[in-house]
Amino acid sequence: MAQQWTSVIENEIQARNAEISSINYQIHSNPELAYEEYKAHEVFVTILTSLGFKVTPHAFGLETSFSAEFGSGGRLIIFNAEYDALPGIGHACGHNLIASASFASFLGVAAALKASGLPGRVRLLGTPAEEGGGGKLKLIAAGAYKGASASLMVHPGPGHNLPSHIRGVSFVRMLANVKFRVHFTGKESHAAIAPWDGVNALDAVCLSYNAISMLRQQIRPYDRIHGIFRSAGDRPNVTPGNCCVEYYVRSQTRAQAEALWQRVLKCFEGAALATGCQMHTEPLNSYADVRPSASLCRAYIEAMPEGTVSYQEPKDILAGSTDMGNVCYECPGFHGVFGIDTEEGSPNHTKGFTGAAATEDAFARAVECGKGMALVGWRVLTDDVFADEMQKEWEADMKLAAQGK
């Protein structure tokens, strides 16, 4: 990459530090839940418009999504800006930092496109409701990623789990997650006067819970099955006629998670048969596994300060699932992790992480990652050989994914 354009990207990000910091601070100070991110949406639209960008508010049919784009012709890269928070504990997953890093990347690449006059397009996409709401699934369905050559974002993680000289991990796999609610319908009766007239839906819930617990002995070490009782009756003296549970079934790939769900489903069907209940399932937004582009990951390591980013160790730096996995099935994706200054016992989704995500050091690390992502994005737009190799690699990986590998 020509040093000239590297300097343009880095200088622009540095020059816009105040705007990026404003985004970061306002999002963290005003935590909003999935699909309720009205303040985050407004601050992004306002600042981007003030900088002269054409912005589409309420983009792709989502009230709290936005889209800003610069450039013409060539390839398209998309930086994802997440900004939803968690109930009761605010930005305990650091989405303010994700938004800041992607904003920085967008500004840097846009400046390079403007200065060079080269073909290419860069989009900053506001992606609401990652925390269980499946915002990116709706954006995918609406065509937000159509024609994209790559989609990139970084995610903060617990820095205390990283070696002292390492500040991030580039190639991070995450589990696929199939989500369902299961409804059992029985028949109410007076539990003391005529219990024999009832069909107990809570029995079906308990029977299925125990069957799934036994199933866990025969699943792979990376599989996860966990659920809660959404409704389990109202009074002890009324045989429960309607009960509901909600379950997450996770595995290494989308195909494997769907296969595991079929085994879990038999536990529910067996419980319904044994208790005489009727049952039906309600699918929720399911997340695919994150399948990072190895090309993008290697390029990111090269773009970051030497020796600060590991390729894939530790592998468990950020477990769980995300709707970015679904994006990885649409185009080559990058979902690296950077560590912020956390204490033992304060990983993501804790109050300790909320505090760590508000620090100046965490913001500085996010901006550093934003610079690295911008350089990778610029390479996708301007390096034909690299872009071609990245695309072929992704197509080969999608064939493996279809085989459940």
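For this chain, numbers begin at 1 and follow the sequence in order. These numbers come from the heavy atoms of this one structure, side chains and all, not from hydrogens, waters or symmetry mates.
Under a 3.5 Å cut-off, the side chain of Tyr35 and the backbone N or O of Thr64 do not form any donor-acceptor pair. Although no hydrogens or angles enter the test, the distance criterion places a donor-acceptor pair under 3.5 Å between the side chain of His190 and the main chain of Ile193. Looking at Arg181, its side chain never comes within 3.5 Å of a backbone N or O of Leu284 through a donor-acceptor pair.
Glu12 and Arg16 are joined by a salt bridge, as a carboxylate oxygen and a charged side-chain nitrogen come within less than 4.0 angstrom of each other. Between Arg291 and Asp397 there is a salt bridge, with a side-chain nitrogen of the basic residue lying less than 4.0 Å from a carboxylate oxygen of the acidic one. The pair Lys187-Asp197 does not count as a salt bridge, with every side-chain nitrogen at least 4.0 angstrom from each carboxylate oxygen. A salt bridge links Asp384 and Arg75; the closest N-O separation between the charged side-chain nitrogens and carboxylate oxygens is under 4.0 Å. Between Glu360 and Arg365 there is no salt bridge, since no side-chain nitrogen of the basic residue lies less than 4.0 Å from a carboxylate oxygen of the acidic one.
The aromatic rings of Tyr311 and Phe171 lie parallel to each other, their planes meeting at an angle below 30°, with 60° marking the opposite boundary. Taking the six-membered ring where tryptophan is involved, the planes of Tyr83 and Phe66 are essentially parallel, since the angle between them stays under 30° and well short of 60°.
Asn80 and Tyr145 form a side-chain donor-acceptor contact under 3.5 Å, judged by distance and modelled atom types alone. No donor-acceptor contact under 3.5 angstrom links the side chains of His183 and Arg230, judged on distance only. Side-chain atoms of Tyr329 and Asp289 include a donor-acceptor pair closer than 3.5 Å.
Partners of Lys351 by salt bridge (charged side-chain N to carboxylate O under 4.0 Å, His left out), not counting sequence neighbours: none found.
Side-chain atoms of Leu62 and Pro128, non-hydrogen and from C-beta on, do get closer than 4.5 Å to each other. The closest side-chain heavy-atom distance from Val154 to Met373 is below 4.5 Å. Contact annotation: the side chain of Ser67 never approaches that of Leu124 to less than 4.5 Å [non-hydrogen atoms, C-beta and beyond].
Enclosure of atom CZ in Phe53 by more than 12 non-hydrogen atoms of other residues, nucleotides or ligands within 6.0 angstrom is indicated.
A cation-pi arrangement, defined by a distance under 6.0 Å to the six-membered ring centre and an angle within 45 degrees of its axis, is present between Lys179 and Tyr287.
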